[in-house]
Amino acid sequence: MPLSKQYLMNAFGSESQANMSYLYCAHQADKENFSNTARLFRAIAYSGFVQAGNYYGQLKDLEGGFVTNSTTFFGLGNTGENIKLAIMRKNFETTEMYPIYLRIAKFQGEKGAERSFTWAYLTKRVQKKLLVKVKESVIRGSDPKLGPIQVCKICGYTRIGEVPNKCPVCKATREHFATFVSY
Ligand code: FE2
(Lines give C-alpha, C1' and ligand atoms only; values in the text may rest on other atoms or scores of the structure.)
Protein backbone atom coordinates (compact mmCIF):
# COMPACT_ATOMS: atom_id res chain seq x y z
CA MET A 1 0.00 0.00 0.00
CA PRO A 2 1.45 3.42 -0.88
CA LEU A 3 2.38 5.53 2.12
CA SER A 4 0.01 8.22 0.90
CA LYS A 5 -2.85 5.73 1.41
CA GLN A 6 -1.79 5.29 5.02
CA TYR A 7 -1.75 9.08 5.32
CA LEU A 8 -5.30 9.22 3.99
CA MET A 9 -6.25 6.82 6.79
CA ASN A 10 -4.34 8.90 9.35
CA ALA A 11 -5.98 12.07 8.09
CA PHE A 12 -9.41 10.43 8.31
CA GLY A 13 -8.67 9.42 11.90
CA SER A 14 -7.32 12.85 12.77
CA GLU A 15 -10.23 14.78 11.27
CA SER A 16 -12.68 12.42 12.95
CA GLN A 17 -11.13 12.99 16.35
CA ALA A 18 -10.65 16.71 15.81
CA ASN A 19 -14.32 16.97 14.78
CA MET A 20 -15.28 15.63 18.22
CA SER A 21 -12.74 17.85 20.00
CA TYR A 22 -14.21 20.96 18.36
CA LEU A 23 -17.74 19.87 19.23
CA TYR A 24 -16.71 19.61 22.88
CA CYS A 25 -15.13 23.06 22.61
CA ALA A 26 -18.45 24.34 21.22
CA HIS A 27 -20.31 22.67 24.07
CA GLN A 28 -18.00 24.38 26.57
CA ALA A 29 -18.39 27.74 24.82
CA ASP A 30 -22.18 27.40 25.06
CA LYS A 31 -21.88 26.77 28.78
CA GLU A 32 -19.99 30.09 29.08
CA ASN A 33 -22.58 31.88 26.90
CA PHE A 34 -20.05 32.42 24.10
CA SER A 35 -22.57 31.58 21.41
CA ASN A 36 -20.62 33.03 18.48
CA THR A 37 -17.46 31.25 19.54
CA ALA A 38 -19.47 28.04 19.86
CA ARG A 39 -20.76 28.60 16.33
CA LEU A 40 -17.21 29.03 15.01
CA PHE A 41 -16.16 25.78 16.71
CA ARG A 42 -19.17 24.00 15.18
CA ALA A 43 -18.34 25.35 11.73
CA ILE A 44 -14.75 24.14 12.09
CA ALA A 45 -16.01 20.75 13.31
CA TYR A 46 -18.23 20.55 10.22
CA SER A 47 -15.28 21.42 8.00
CA GLY A 48 -13.41 18.47 9.55
CA PHE A 49 -16.41 16.25 8.80
CA VAL A 50 -16.28 17.35 5.14
CA GLN A 51 -12.55 16.67 4.89
CA ALA A 52 -12.83 13.30 6.68
CA GLY A 53 -15.47 12.40 4.08
CA ASN A 54 -13.07 13.25 1.26
CA TYR A 55 -10.50 10.85 2.71
CA TYR A 56 -13.07 8.17 3.52
CA GLY A 57 -14.34 8.18 -0.05
CA GLN A 58 -10.85 7.51 -1.35
CA LEU A 59 -10.48 4.53 0.98
CA LYS A 60 -13.69 2.81 -0.01
CA ASP A 61 -11.90 -0.09 -1.67
CA LEU A 62 -10.29 -1.16 1.59
CA GLU A 63 -12.10 -3.72 3.69
CA GLY A 64 -11.82 -4.35 7.38
CA GLY A 65 -10.11 -2.58 10.24
CA PHE A 66 -6.86 -0.65 10.00
CA VAL A 67 -4.68 1.11 12.53
CA THR A 68 -4.33 4.85 12.00
CA ASN A 69 -1.92 7.32 13.53
CA SER A 70 -4.46 9.95 14.44
CA THR A 71 -3.86 13.24 16.16
CA THR A 72 -6.12 15.68 17.90
CA PHE A 73 -5.81 17.99 20.88
CA PHE A 74 -6.48 17.19 24.50
CA GLY A 75 -6.59 19.43 27.55
CA LEU A 76 -10.12 20.79 27.26
CA GLY A 77 -10.45 23.79 29.54
CA ASN A 78 -12.38 27.04 29.47
CA THR A 79 -13.10 28.67 26.12
CA GLY A 80 -10.05 30.95 26.25
CA GLU A 81 -7.84 27.91 26.78
CA ASN A 82 -9.67 25.96 24.10
CA ILE A 83 -9.11 28.68 21.53
CA LYS A 84 -5.38 28.48 22.25
CA LEU A 85 -5.48 24.68 21.87
CA ALA A 86 -7.30 25.02 18.56
CA ILE A 87 -4.69 27.52 17.29
CA MET A 88 -1.92 25.12 18.31
CA ARG A 89 -3.74 22.43 16.38
CA LYS A 90 -3.93 24.62 13.27
CA ASN A 91 -0.23 25.37 13.60
CA PHE A 92 0.58 21.68 13.66
CA GLU A 93 -1.66 20.97 10.67
CA THR A 94 -0.23 23.79 8.55
CA THR A 95 3.46 23.48 9.43
CA GLU A 96 3.88 19.72 9.85
CA MET A 97 1.03 17.33 9.20
CA TYR A 98 -0.45 18.46 5.89
CA PRO A 99 2.77 19.79 4.31
CA ILE A 100 4.37 16.37 4.93
CA TYR A 101 1.32 14.41 3.73
CA LEU A 102 1.12 16.63 0.68
CA ARG A 103 4.76 16.14 -0.19
CA ILE A 104 4.42 12.34 -0.02
CA ALA A 105 1.20 12.32 -2.06
CA LYS A 106 2.91 14.40 -4.77
CA PHE A 107 6.00 12.21 -4.72
CA GLN A 108 3.88 9.08 -5.14
CA GLY A 109 1.69 10.58 -7.84
CA GLU A 110 -1.49 10.08 -5.79
CA LYS A 111 -3.59 12.82 -7.34
CA GLY A 112 -6.69 12.36 -5.19
CA ALA A 113 -4.71 12.48 -1.95
CA GLU A 114 -2.73 15.46 -3.23
CA ARG A 115 -5.91 17.38 -3.98
CA SER A 116 -7.56 16.55 -0.64
CA PHE A 117 -4.44 17.40 1.38
CA THR A 118 -4.08 20.69 -0.52
CA TRP A 119 -7.69 21.60 0.28
CA ALA A 120 -7.15 20.74 3.96
CA TYR A 121 -3.89 22.69 4.17
CA LEU A 122 -5.42 25.84 2.63
CA THR A 123 -8.53 25.55 4.79
CA LYS A 124 -6.61 25.15 8.04
CA ARG A 125 -4.54 28.24 7.27
CA VAL A 126 -7.71 30.32 6.96
CA GLN A 127 -9.25 28.77 10.08
CA LYS A 128 -6.14 29.58 12.08
CA LYS A 129 -6.56 33.26 11.14
CA LEU A 130 -10.21 33.17 12.20
CA LEU A 131 -9.29 31.67 15.57
CA VAL A 132 -6.51 34.20 16.12
CA LYS A 133 -9.00 36.96 15.30
CA VAL A 134 -11.44 35.87 18.03
CA LYS A 135 -8.81 34.90 20.63
CA GLU A 136 -8.30 38.32 22.26
CA SER A 137 -12.00 38.90 22.70
CA VAL A 138 -12.55 35.48 24.24
CA ILE A 139 -9.60 35.87 26.61
CA ARG A 140 -11.00 39.25 27.70
CA GLY A 141 -14.19 37.39 28.56
CA SER A 142 -16.47 38.63 25.81
CA ASP A 143 -18.00 36.66 22.99
CA PRO A 144 -16.80 38.16 19.67
CA LYS A 145 -19.30 39.63 17.22
CA LEU A 146 -19.32 37.34 14.18
CA GLY A 147 -21.52 37.39 11.11
CA PRO A 148 -22.72 34.25 9.37
CA ILE A 149 -20.05 31.56 9.00
CA GLN A 150 -19.85 29.72 5.69
CA VAL A 151 -18.33 26.28 5.14
CA CYS A 152 -17.82 24.72 1.72
CA LYS A 153 -19.39 21.26 1.64
CA ILE A 154 -16.87 20.09 -0.95
CA CYS A 155 -13.51 21.10 0.56
CA GLY A 156 -14.27 22.49 4.03
CA TYR A 157 -13.12 26.06 3.30
CA THR A 158 -14.41 28.34 6.06
CA ARG A 159 -15.13 32.05 6.06
CA ILE A 160 -17.02 34.63 8.08
CA GLY A 161 -19.41 36.76 6.05
CA GLU A 162 -21.57 36.18 3.01
CA VAL A 163 -21.43 33.14 0.74
CA PRO A 164 -18.80 33.65 -1.97
CA ASN A 165 -19.82 33.17 -5.60
CA LYS A 166 -17.09 30.60 -5.94
CA CYS A 167 -15.08 28.74 -3.31
CA PRO A 168 -11.53 30.13 -3.45
CA VAL A 169 -10.09 26.71 -2.59
CA CYS A 170 -12.03 24.15 -4.68
CA LYS A 171 -14.00 26.48 -7.02
CA ALA A 172 -17.37 25.03 -5.98
CA THR A 173 -20.30 27.35 -6.68
CA ARG A 174 -22.26 29.15 -3.97
CA GLU A 175 -24.99 26.52 -3.55
CA HIS A 176 -22.37 24.19 -2.12
CA PHE A 177 -21.99 26.19 1.09
CA ALA A 178 -23.44 25.43 4.51
CA THR A 179 -24.24 28.50 6.62
CA PHE A 180 -23.88 28.68 10.39
CA VAL A 181 -26.08 31.63 11.21
CA SER A 182 -26.25 33.63 14.42
CA TYR A 183 -29.56 33.77 16.26
FE1 FE2 B 1 -14.56 24.50 -1.52
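Indexing begins at 1, ligand by ligand and atom by atom, following the structure's order. Keep in mind it's a predicted model, so treat the numbers as computed, not measured.
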**Request:** Say whether, by atom type as modelled, one donor and one acceptor occur between the side chain of Ser21 and the main chain of Gln17 under 3.5 angstrom.
**Result:**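 Confirmed, Ser21 side chain pairs with Gln17 backbone.
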Whether the [X] and [Y] side chains hold a donor-acceptor pair (N or O, under 3.5 Å, no angle test) is what I'd like checked.
X      : Y      : answer
Ser142 : Ser137 : yes
Gln150 : Thr158 : no
Thr37  : Asp143 : yes
Ser4   : Gln108 : yes
Lys145 : Asn36  : no

**Asked** What are the protein N/O/S atoms, named by residue and atom, that sit under 2.8 Å from the Fe ion (ligand 1)?
**Response**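 Per the 2.8 Å query on the Fe ion (ligand 1), atoms found are Cys152 SG, Cys155 SG, Cys167 SG, Cys170 SG.
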